[in-house]
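Worksheet: the structure to be examined is printed underneath.
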Number of protein chains: 4
Amino acid sequence: MNDQPGRPGRKRSEESRLAIIAAAVELTLEVGYAGLTIEGIAARSGAGKQTIYRWWPSKADVLLDALVAKAELHIPVPDEGTYEADLRAFLGSTFALGSRPQVVDLLRALMAEAQIDSEFGERFREMFLRHRRDALGTVLDQARVRGDLPASPPPETAIDIVFGTLWYRILATRRDVDQQLIEELIALLTRRDR
Amino acid sequence: MNDQPGRPGRKRSEESRLAIIAAAVELTLEVGYAGLTIEGIAARSGAGKQTIYRWWPSKADVLLDALVAKAELHIPVPDEGTYEADLRAFLGSTFALGSRPQVVDLLRALMAEAQIDSEFGERFREMFLRHRRDALGTVLDQARVRGDLPASPPPETAIDIVFGTLWYRILATRRDVDQQLIEELIALLTRRDR
Amino acid sequence: MNDQPGRPGRKRSEESRLAIIAAAVELTLEVGYAGLTIEGIAARSGAGKQTIYRWWPSKADVLLDALVAKAELHIPVPDEGTYEADLRAFLGSTFALGSRPQVVDLLRALMAEAQIDSEFGERFREMFLRHRRDALGTVLDQARVRGDLPASPPPETAIDIVFGTLWYRILATRRDVDQQLIEELIALLTRRDR
Amino acid sequence: MNDQPGRPGRKRSEESRLAIIAAAVELTLEVGYAGLTIEGIAARSGAGKQTIYRWWPSKADVLLDALVAKAELHIPVPDEGTYEADLRAFLGSTFALGSRPQVVDLLRALMAEAQIDSEFGERFREMFLRHRRDALGTVLDQARVRGDLPASPPPETAIDIVFGTLWYRILATRRDVDQQLIEELIALLTRRDR
DNA sequence: GACTAAACGAGACGGTACGTCTTGTCTTTCG
DNA sequence: CGAAAGACAAGACGTACCGTCTCGTTTAGTC
């Protein structure tokens with residue numbers, strides 16, 4: 001591969017890369033993930049199939065690149081002073097992301113593909129899910145340092161509960177994540193035992 | 001279709017039906033859901049492809065039938081006297097089901113397919129997920145009647161949290177559901193505010 | 001099979017037999033021989049597939065029955081007094097038959113099937129072609145007895161030439177047999193060497 | 001399609017083309033035309049089905065290509081000085097071709113298919129039958145120019161008679177074309193009226 | 001009038017091939 | 001030498017029919 005400079009031969013075409021990612025996203029919206037094909041992406045983007053195969057192992061990876069590009073911008077780790085405020089800020093930005101239907105469609109498709117293709121699953125967890133977990137982990141850490149964090153549940157479980165509930169809404173109930181759910185989660189997690 | 005009596009024509013073959021379901025499950029374990037094909041199921045089961053297409057709209061529906069047959073047996077709605085005991089009993093049997101790797105593999109594949117094929121998604125929700133939600137809903141209802149149920153979170157949200165967390169473990173972290181997670185969920189949901 | 005009397009059981013249904021033959025002919029005209037199927041005949045005629053398979057070995061045999069029923073009526077062996085007149089009468093009635101497009105379509109289909117399915121070919125030759133050859137053979141015999149017949153070509157060859165030319169028009173040139181061709185054949189065959 | 005140069009993309013594989021034609025001919029001899037399938041040709045030749053569908057509209061067209069390749073070599077237009085000698089030479093080479101059983105089997109199958117599939121029929125007439133008719137037409141023309149040609153029958157009819165008789169032998173009587181038949185045809189056509 | 005036998009319409013069955021689609025690879029030509 | 005173009009082998013798709021096999025029903029003799 002020839003995307004870094006100083007090597008002989010033609011450089012990777014940034015134009016093609018962007019056209020391929022854009023075509024993949026457009027087609028997913030138009031015909032659904034099931035109807036998305038490498039051939040379709042090539043035709044729409046004006047690229048040759050080989051160019052896609054050269055740089056991505058599967059159509060899901062193209063979409064993952066698209067998602068990562070979009071998502072990168074939207075996970076600031078908040079530091080508002082209290083656990084509750086941080087949590088509200090974090091979930092708020094997650095909610096904002098998750099209320100864009102195109103993004104939700106991508107998420108659902110990629111999570112599905114991750115179940116079916118375990119090598120892609122590895123990449124999806126590493127390149128997308130882990131960043132999210134880490135961000136929430138940092139929020140919890142800040143709270144622990146401040147002494148703001150309830151003793152139970154332990155951080156790992158809290159993370160599972162938060163993301164689990166959000167993902168379950170998307171995957172299983174087809175209801176969107178709403179503000180009320182977020183408040184209930186905050187209430188649950190900031191509550192202290194009697 | 002000719003499975004009920006009193007109509008002319010040959011009856012549906014129960015033998016084929018069972019052979020097809022069994023073959024589909026076996027193949028899923030052997031080659032994975034991605035490698036599962038209708039042709040493979042037909043070959044393994046000794047059925048013709050048309051026999052499969054006559055009774056099931058997709059390979060996922062065959063597996064759904066297999067899952068429903070397996071799962072039906074394992075959702076008793078417990079009535080142990082207290083919310084906490086009921087919850088523990090319910091999650092315990094869910095845990096037992098979910099610790100069989102073959103079942104978990106089926107669940108992951110079907111949840112994935114439900115994302116990709118929305119008509120199948122409808123059927124999956126209706127024939128599998130809803131039964132589970134209803135069972136837990138009954139548990140919560142019993143607790144409410146007894147006055148055992150905390151004010152927060154509301155039942156619908158509690159259900160989302162429980163199943164969300166369990167599914168998230170399966171889908172996103174690839175760690176099995178364990179006894180500790182169940183206890184932490186019970187603690188979280190039975191806890192009362194100060 | 002139970003078409004002769006004196007045996008127990010239901011008799012062959014003449015109604016079905018006729019409906020099947022009629023349906024087969026209609027469908028051949030509508031969708032062509034290539035588009036003709038046993039299932040289609042069954043559906044159109046209101047018969048079950050088994051009823052067709054019980055009495056005919058193939059769809060071509062159904063059409064052969066239809067053809068034999070039609071054709072039987074039209075091969076009188078003429079006896080007009082002279083070879084030339086007999087030949088003209090014989091070819092005239094053959095021409096009349098061959099100018100009905102539905103009949104020609106059947107002939108083409110059955111001759112084709114006879115090439116592809118050699119067992120049907122045997123039956124086609126025996127039940128259709130032979131009758132025609134025999135009729136012309138009788139005409140030639142009458143002429144020989146009268147001393148009317150040219151020495152050359154020998155009768156078998158004359159028969160091949162007559163039917164060959166007629167069939168070739170139908171099969172290879174797609175031009176209909178016309179009166180002019182018939183006259184030229186008569187001229188050729190009744191001519192005597194110098 | 002990319003068989004002519006100067007265009008991007010991989011060129012048509014001559015190797016595949018020949019393997020497909022060879023496989024089709026072999027299989028026709030082994031299992032008969034009725035048993036010949038595109039899938040069988042693909043399997044035997046090592047080609048993909050798509051490669052066959054890309055270049056030929058039907059299995060009959062593959063065989064037609066095979067026949068044209070074989071037949072091309074064997075229709076010299078003779079010029080022996082007399083009509084009778086030319087005719088004998090022409091029919092002799094036709095006879096030589098027609099006495100190879102593999103060739104006759106191909107001819108029967110293709111003539112049959114031409115009846116059933118009219119678009120193929122068009123191609124068969126254009127690419128095979130017409131060349132033969134033209135060759136004989138040239139022989140007749142030479143004779144006419146020389147003043148060698150009997151007044152009757154007219155050339156078109158003579159052609160129908162010759163090919164009709166030959167084809168009829170192949171299609172309807174299953175007897176091979178033999179030298180005697182050829183002599184009788186020559187006698188008939190070179191004879192002059194009293 | 002019950003009993004047996006066979007044909008009937010209906011329709012599911014195991015198969016086979018169809019023609020199409022997509023995959024991932026392999027040339028070929030151009031820039 | 002990367003990229004677009006497009007042919008290639010492979011193989012699954014979902015459909016259409018094949019010829020066979022139950023089904024329950026109808027129509028004949030036969031007892």
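Nothing here was measured: the structure is a model prediction, and the numbers come from that model. Here is how names work: the chains are called A, B, and so on, in the same order as the sequence lines, proteins then strands, and each is numbered from 1.
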B/Glu39 CD - E/dG15 P separation (whole Å)
13 Å
B/Trp55 side-chain N/O to E/dC13 phosphate OP1/OP2 under 4.0 Å
yes
Test: A/Lys59 cationic atom under 6.0 Å from A/Tyr33 six-membered ring centre, within 45° of axis
yes
If every non-hydrogen atom of B/Arg108 is compared with every non-hydrogen atom of B/Leu171, which pair is closest and at what distance?
CA-CD2, 4.2 Å
Between P on E/dA12 and CD on B/Glu14, what's the gap in Å once rounded to a whole number?
15 Å
Ring of B/Trp55, cation from B/Arg12 - is the NZ or CZ under 6.0 Å from the centre and inside 45° of the axis?
yes
Quick one: is E/dC8 close enough that its OP1 or OP2 comes under 4.0 Å of any side-chain N or O from C/Arg54?
yes
Within the 4.5 Å heavy-atom criterion, are A/Leu107 and A/Val103 side-chain neighbours or not?
yes
Considering only heavy atoms from C-beta outward, does the side chain of B/Trp56 approach that of B/Leu63 to under 4.5 Å?
no
Assign each of D/Ile38 and B/Thr51 to its nearest nucleotide of DNA chain E by heavy atoms, then name whichever residue's nucleotide is nearer the 5' end.
B/Thr51
Whole-Å distance, B/Glu15 CD to E/dA12 C1', equals 13 Å
On the nucleotide E/dG24, are OP1 or OP2 found under 4.0 Å from the side-chain N or O atoms that A/Trp56 carries?
no
Could you tell me if the side chain of B/Pro101 sits less than 4.5 Å from the side chain of B/Val104, heavy atoms only?
no
Can you tell me how far P of F/dG14 sits from CG of B/Asp61, to the nearest Å?
12 Å
Considering only heavy atoms from C-beta outward, does the side chain of D/Thr51 approach that of D/Arg54 to under 4.5 Å?
yes
Nearest-Å distance, NZ (B/Lys11) to P (E/dG11)?
13 Å
Identify which nucleotide among F/dC17, E/dT29, F/dC23 has an atom closest to any side-chain atom of D/Pro8, counting heavy atoms from C-beta outward.
E/dT29
Walking DNA chain F from its 5' end, the first of C/Gly40 and D/Ser16 to be reached, judged by nearest nucleotide, is D/Ser16
Return the residues of residues 41-50 of chain A meeting this criterion: a heavy atom under 4.0 Å from some atom of DNA chain F. Order them by number, or give none.
A/Gly46, A/Ala47, A/Gly48
Rounded to whole angstroms, how far apart are CZ on B/Arg17 and C1' on E/dG14?
19 Å
What's the closest nucleotide to the A/Tyr53 side chain, out of E/dT25, E/dT28, E/dA17?
E/dT25
Measure from the side chain of C/Arg10, starting at C-beta and using heavy atoms only, and say which of F/dG6, E/dG9, F/dT25 lies closest.
F/dT25
By nearest heavy atom, map B/Ile20 and A/Thr37 onto DNA chain E; which one lands nearer the 5' end?
B/Ile20
Could C/Arg123 and C/Glu113 be called an ion pair, given the rule that one side-chain N must be under 4.0 Å from one carboxylate O?
no
Interatomic distance where CD1 belongs to C/Ile52 and P belongs to E/dA7 [whole Å]
16 Å
Rounding to a whole Å, what distance do you find between B/Leu18:CG and E/dC13:P?
12 Å
Derivation and outcome, side chain to side chain contact (heavy atoms under 4.5 Å, CB included), residues D/Leu106 and D/Gln102:
CA-CA 6 Å; D/Leu106 279 191; D/Gln102 337 139 353; 5.9 Å; no
Using a strict heavy-atom distance below 4.0 Å, which residues from residues 22-32 of chain C are in contact with DNA chain F?
none
Using salt bridge (Lys or Arg N to Asp or Glu O under 4.0 Å) as the criterion, list what pairs up with C/Lys49, not counting sequence neighbours.
C/Glu39
